[in-house]
Amino acid sequence: MSDFELLDPSGIPYGPGAAGAGDGGAAANGPDPLVDGLNPAQARAVVARGPALLIVAGAGSGKTRVLTHRIAHLIRNREAWPSQILAITFTNKAAAEMRERIDGLLGSGAEGMWVSTFHSACVRILRREAERFGYVSGFTIYDSADSRALLKRIIKELDADTYGFTPANAGSKISRLKNELTDADAYSKTMNESDPRDRLFVEIFKQYEQELRRANAFDFDDLIGQTVHLFRAHPDVAAIYQRRFRHILVDEYQDTNHAQYSLIRELTRPVEPEEVERLVPPIRDRELDASGRIPAASLTVVGDSDQSIYAFRGADIRNIVEFERDFAGAEVVKLEQNYRSTQNILTAANAVIGNNFDRQEKNLWTAEGDGERIVGFTGYSQHDEARFVAEEVEDLHRAGLNYSDIAVFYRTNSQTRALEELLIRSAIPYRVLGGTKFYERAEIKDAMAYLTSIANPYDPITWSRLLGAPKRGIGPMAEAHLANFQEAQGINFHEAMLRCDELSFGPKVRGAILSLAEMLTRAAKMAAGDPEHDQAPAPVGDLLKLILDETEMIEKLRAKRDPQDDARAENLEELVAVAREFDVKQPGAGLIAFLTEVSLVAAADDLDDSSGTVSLMTMHTAKGLEFKAVFITGVEEGLLPHQMSVDEVGGINEERRLMYVGITRARERLYLTLASTRAVFGDVSVAMPSRFLQEIPEGLIDWRQSPGEVTSRGGTESRALNAPRGSGYGGSGSGSRSRTDSSVSFGSSGGYSSAAVSEPASGNMQSALDKWRERKKAAKQAQAAGGGFPNTIMGNVRDNGDMELAPGDRIRHDEYGEGRVSAVTGAGSKRIAHAVFDSVGERKLLVKLAPIEKLE
DNA sequence: CCGGAGGCGTTTTTT
DNA sequence: ACGCCTCCGG
């Protein structure tokens with residue numbers, strides 16, 4: 001991504017044919033592999049020409065196929081060079097796939113085509129044009145954590161926390177405004193002058209903008225917003241891109257926000273004659289229309305308003321609803337035939353989404369037949385639910401399904417804990433997409449801070465981070481002195497550190513600063529290379545290795561006793577591997593390209609079809625993906641729809657669309673699971689089945705265990721169990737709570753709390769506390785020894801140590817009963833026993849953790 | 001200046 | 001229940 005050419009590789013600028021004048025039916029006679037095999041609507045979407053095209057693409061209706069064929073069709077018919085095409089996708093992975101498929105359709109030569117996300121495309125433009133508005137090309141891209149760190153400083157400085165401002169709430173408000181293309185100045189004109197809180201917010205916003213600029217940094221929202229700003233403030237720059245991109249295609253258009261919409265608007269403006277004159281290289285006559293303008297690029301958007309699920313980050317459904325009014329001469333093509341799912345799954349999806357009153361009628365259908373019924377299951381708790389998922393995954397796998405054909409969805413990331421625990425125990429390979437991502441881990445951010453600072457030595461957030469990692473005796477005091485010096489002298493942080501003799505530091509601190517500065521300077525030289533001495537820029541892997549070696553970050557982690565630190569050291573080694581891989585895949589691309597790629601990875605980019613693992617993700621991350629078997633978990637009121645959404649206008653409808661997205665990801669098998677109690681913040685509470693379940697026709701769901709069964713059974717059991725117990729904490733008010741069944745709760749929390757209450761009676765408060773602490777410590781140690789997976793439930797922790805199992809051994813499992821080991825595979829803590837149980841048949845168990853004992 | 005311990009807020013979804 | 005942050009003792 002070092003540079004880009006405005007000319008086609010063939011050397012002929014803006015060439016083949018008169019752009020925009022194609023008649024669309026180029027290959028009307030004779031077979032055309034790009035159109036044959038498509039249904040009439042799809043074919044129309046491929047060959048339609050004109051200023052604007054909206055493809056309303058229902059879930060699974062083959063829109064990716066249509067998009068790739070459309071682009072290939074344009075190129076093959078010589079209506080456009082690849083370099084004249086800009087295709088916007090939702091994730092980097094989707095972009096890579098689309099490029100590959102187009103390559104496949106054309107045989108070769110889709111180079112020069114821009115296929116990327118909004119954010120990547122904008123970074124590319126901004127890096128190229130940064131100097132025009134006071135940035136330099138090596139600018140840092142702040143992720144939300146960096147933004148929050150900056151806001152935290154500003155809020156502290158302004159004492160704004162006393163007015164209830166937090167980095168999070170100020171950040172989300174700023175983000176919302178930026179998505180509307182409102183900057184601090186514009187906002188200050190519309191605000192309520194008499195509200196001190198509003199005035200303070202404007203001050204925060206202003207300082208935030210200033211600090212970003214001083215740091216030579218953009219936040220996520222800036223990437224889009226500043227590009228729009230660039231185009232509006234510099235028509236000559238805009239003209240370069242307006243001229244270059246003759247065909248713009250945008251996927252998932254229903255999830256574009258105002259800033260993204262504005263970007264598209266800017267890019268699809270004609271170039272006026274006065275700008276045409278200033279363009280270099282010179283314009284050919286055939287690029288111009290009769291009035292001397294370069295005509296507007298043709299725009300194709302693909303979307304489905306039923307799948308709009310990003311309103312919370314500013315997505316505006318009106319962009320797609322009003323498209324026809326917005327872009328004169330727009331044609332609309334509807335794709336309703338589904339090629340992905342069975343009819344049962346589609347019927348359920350249609351039934352659910354049909355409850356949204358504010359939509360256009362649309363029905364998905366398939367020619368493929370009904371398929372299996374949807375399976376429903378209600379567990380007593382989220383662990384019960386997770387156990388069902390794990391067992392069912394194993395059954396599917398035994399039935400011949402690859403693990404990578406299976407996905408488990410949930411509404412919130414916190415739901416992964418219970419699922420992971422059961423998957424680990426069942427020895428099912430899985431992968432969590434999104435959540436706490438690799439690049440968000442502290443140790444990774446620490447190491448990345450060095451690389452970022454090399455590219456942008458003006459960035460205080462990054463610099464502050466690397467000063468303290470690893471600990472080297474440079475604390476907040478030293479940092480503040482250096483930062484003041486840096487600002488006063490107008491130099492960058494590395495220079496300020498090199499000149500720390502001019503400040504009065506003690507010898508120890510001074511030495512630490514100088515050796516750090518020396519290392520950074522050396523690394524920066526390596527990164528830049530030296531063209532005069534024929535020295536190429538150093539590979540990113542070498543830079544990273546230098547940093548890790550000199551700082552001894554890995555060694556220091558290994559020296560600690562905490563097993564978590566071993567995992568951190570491994571993560572750093574993994575990072576080196578990632579960098580090396582980047583160097584191989586994009587030789588000579590350079591440090592900035594690496595940093596950009598890392599900043600813009602999306603959750604779904606991690607998906608690897610060949611990994612052979614079950615995929616866990618939120619339903620948001622699942623958008624655009626498909627799997628043979630899909631589990632939607634936590635289908636409960638308060639979770640799906642989420643509690644937070646019920647008060648928001650349109651909140652429920654958006655949740656319903658989310659459910660719709662989830663359902664329509666499934667090709668063959670769909671499971672809907674829930675639990676009748678769920679632990680939230682540690683407290684167990686009763687969960688009700690989601691309203692969305694009632695919207696699915698009854699006969700479609702095969703309930704293995706219905707919500708009704710569990711409530712009645714669990715209720716009876718739990719009442720007997722908890723009869724003397726009162727509500728909440730104190731157990732003394734017993735019996736006062738037996739009015740309705742809905743207030744019963746299960747699980748161990750009741751047991752624990754009554755034990756805690758009775759403790760003071762038999763001793764003093766102190767000893768009870770000590771005992772509790774000891775228990776907690778023991779649990780922690782056991783967990784660490786057991787491989788350290790998160791959120792093990794206390795009392796459930798197991799460690800079978802080095803239990804020896806051999807084929808033929810009899811074992812007893814807490815849930816499955818007795819069985820016989822048929823084989824043992826794997827090694828060490830990952831040893832897996834394959835066993836046949838008398839009651840439930842074949843199961844795989846992780847020897848170290850499974851609740852089993854060996855029978856003699 | 002650094003590490004541990006206790007206190008507090010946290011969870012809706014993401015580029 | 002957990003992790004982050006702050007406060008306190010070396």
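Numbered from 1 within each chain, the chains take letters A, B, ... in sequence-line order.
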Quiz prompt | Check: A:Arg568/A:Asn571 side-chain N/O donor and acceptor closer than 3.5 Å | solution = no

Quiz item: Taking A:Asp605 for the side chain and A:Asn92 for the main chain, is one N or O donor matched with an acceptor at less than 3.5 Å?
Solution: yes

Practice problem: Looking at every strand, decide which applies to A:Tyr310 at a 4.0 Å heavy-atom threshold: base, sugar-phosphate, or nothing. | Solution: sugar-phosphate

Exercise. Send over the distance from A:Leu625 CG to B:dT14 P, rounded to a whole Å.
Key: 13 Å

Practice problem: Find the distance A:Gln307:CD to B:dT13:P and express it as a whole number of Å. | Solution: 20 Å

Quiz item: Which of these nucleotides, B:dT12, C:dC5, B:dT13, is closest to any side-chain atom of A:Lys152?
Solution: C:dC5

Quiz item: When you measure from the side chain of A:Ala478, which nucleotide among B:dT13, C:dC5, B:dC1 comes out closest?
Solution: B:dC1

Quiz item: Across the strands shown, which category fits A:Gln260 at heavy-atom distances under 4.0 angstrom: base, sugar-phosphate, nothing?
Solution: nothing

Quiz item: For A:His481 and B:dC1, what is the distance between atoms NE2 and P respectively, to the nearest whole Å?
Solution: 10 Å

Practice problem: Choose from C:dC2, B:dT15, B:dT12 the nucleotide whose nearest atom is closest to any side-chain atom of A:Arg417. | Solution: C:dC2

Quiz prompt | Integer-rounded Å distance: B:dG3 C1' and A:Lys556 NZ | solution = 15 Å

Quiz item: Where each residue is assigned the nucleotide of DNA chain B containing its nearest heavy atom, which of A:Val509 and A:Ser599 is assigned the position nearer the 5′ end?
Solution: A:Val509

Practice problem: By nearest nucleotide on DNA chain B, pick out whichever of A:Glu648 and A:Ile474 is the more 5' one. | Solution: A:Ile474

Practice problem: For A:Thr621, report the nucleic acid contact type (base, sugar-phosphate, nothing); a contact means any heavy atom under 4.0 Å. | Solution: sugar-phosphate

Quiz item: Of the nucleotides B:dT12, B:dC1, B:dC2, which one has an atom closest to the side chain of A:Lys471?
Solution: B:dC2

Quiz item: Any stacking of A:Phe312 on B:dT13, going by centres under 5.5 angstrom and planes within less than 30 degrees?
Solution: yes

Practice problem: Go through B:dT15, B:dC2, B:dT12 for me and flag the one nearest to the A:Ser144 side chain. | Solution: B:dT15

Practice problem: Mark yes or no for whether A:Gln415, through its side chain, and A:Thr412, through its backbone, hold a donor-acceptor pair below 3.5 Å. | Solution: yes

Quiz item: How long is the line joining CE of A:Met617 and C1' of B:dT14, in whole Å?
Solution: 15 Å

Quiz item: Taking atom C1' of B:dT15 as reference, at what distance in whole Å does atom CG of A:Leu263 sit?
Solution: 14 Å

Quiz item: For the pair made of CZ in A:Arg148 and C1' in B:dT15, what is the distance, rounded to whole Å?
Solution: 14 Å

Quiz prompt | Residues A:Asp459 and A:Thr140: side-chain donor-acceptor under 3.5 angstrom | solution = yes

Quiz prompt | Nearest-Å distance once atom P is located in both C:dC4 and B:dT13 | solution = 16 Å

Practice problem: Answer yes when A:Arg176 and A:Glu180 have at least one side-chain N-carboxylate O distance shorter than 4.0 Å, and no when they do not. | Solution: no

Exercise. Using whole Å, report how far NE2 of A:His620 lies from C1' of B:dT12.
Key: 8 Å

Quiz item: Are any side-chain N or O atoms of A:Glu655 and backbone N or O atoms of A:His642, one a donor and one an acceptor, separated by less than 3.5 Å?
Solution: yes

Exercise. Considering just the side-chain nitrogens and oxygens of A:Asn413, establish if one lies under 4.0 Å of OP1 or OP2 belonging to B:dT14.
Key: yes

Quiz prompt | Nucleotide nearest A:Arg411 when distance is taken to its side chain, options B:dT14, B:dT12, B:dT11 | solution = B:dT12

Quiz item: Base, sugar-phosphate, or nothing: which does A:Arg657 touch, judged by heavy atoms less than 4.0 Å apart?
Solution: nothing

Quiz item: If you check every side-chain atom of A:Thr618, which of B:dT14, B:dT15, B:dT11 has the closest atom?
Solution: B:dT14

